Amino acid sequence: MSIIRVGSRVVLQDAQGRIEEVELVHPSSPKELDWEHGQISVDSPVGRALLGHTAGQEIVVSTPLGELRYRVVAVRVADPVLPVRITGG
């Protein structure tokens, strides 16, 4: 079972049944986020709420306009980047 963490791609379903896929990122500045391609910051309310959850769980996000509810449909965790060993000769 995959746990949501930075780099995860998460399929969410909102209370109206709409499905959206987002990628959880940790940008060095908000200008690095690509909202059109579904990136959300781990520092955002939704990003913080997603961390540590798994598929099938529901999250509730408190906003100034009320609560947002999402169900985590699927989690795809990015493969870790492995160091490359360069050998010379």
Side-chain angles (χ1 to χ4, degrees):
M1 184 176 303
S2 296
I3 297 173
I4 298 171
R5 62 181 187 228
V6 175
S8 296
R9 293 208 58 88
V10 183
V11 179
L12 299 172
Q13 182 176 30
D14 68 15
Q16 289 73 39
R18 294 179 293 226
I19 301 285
E20 183 174 0
E21 184 170 347
V22 297
E23 178 183 10
L24 208 55
V25 297
H26 193 275
S28 58
S29 86
K31 292 180 182 179
E32 291 182 14
L33 292 177
D34 189 347
W35 297 102
E36 291 182 15
H37 291 98
Q39 291 183 330
I40 60 172
S41 171
V42 295
D43 296 325
S44 71
V46 173
R48 285 191 303 270
L50 285 170
L51 287 172
H53 285 85
T54 59
Q57 292 186 307
E58 184 176 289
I59 64 164
V60 179
V61 182
S62 295
T63 73
L65 300 175
E67 289 185 341
L68 301 175
R69 293 181 179 275
Y70 296 97
R71 185 174 65 85
V72 178
V73 176
V75 179
R76 290 187 271 287
V77 178
D79 292 329
V81 176
L82 299 175
V84 176
R85 175 184 281 169
I86 300 175
T87 58

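Index from 1, following the sequence. Every value quoted in this text rests on a predicted model; they were computed, and no experiment measured them.
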Using a strict threshold of under 4.0 Å (side-chain N to carboxylate O), is an ion pair present between Glu20 and Arg18? no

Can a salt bridge be assigned to the pair Arg71 and Glu58 using a cut-off of 4.0 Å between side-chain N and carboxylate O? no

Spacing of [X] atom [atom1] and [Y] atom [atom2] [to the nearest 0.5 Å]:
| X | Y | atom1 | atom2 | value |
| --- | --- | --- | --- | --- |
| Arg48 | Asp43 | CZ | CG | 7.0 Å |
| Leu12 | Leu68 | CG | CG | 11.0 Å |
| Gln39 | Arg9 | CD | CZ | 7.5 Å |

If Ile, Leu, Val, Met, Phe, Trp and Tyr residues are connected whenever their side-chain heavy atoms lie under 4.5 Å apart, and connections chain through other members, are [X] and [Y] in the same group?
| X | Y | answer |
| --- | --- | --- |
| Val22 | Val6 | yes |
| Val73 | Leu51 | no |
| Leu24 | Ile19 | no |

Sole residue of Thr54, Val11, Ile4 in side chain to side chain contact (heavy atoms under 4.5 Å, CB included) with Val75: Ile4

What heavy-atom pair brings [X] and [Y] nearest, and what distance separates the two atoms?
| X | Y | result |
| --- | --- | --- |
| Val77 | Ser2 | CG2-CB, 3.5 Å |
| Ala55 | Ala74 | CB-CA, 4.1 Å |
| Glu67 | Arg69 | OE1-NH2, 3.3 Å |

Donor-acceptor pair, distance only, cut-off 3.5 Å: does the side chain of Ser8 make one with the backbone of Val10? no

Does Ile3 sit in a hydrophobic cluster with other residues, and if so which ones, taking ILVMFWY side chains as linked at heavy-atom separations under 4.5 Å, directly or through other members? none

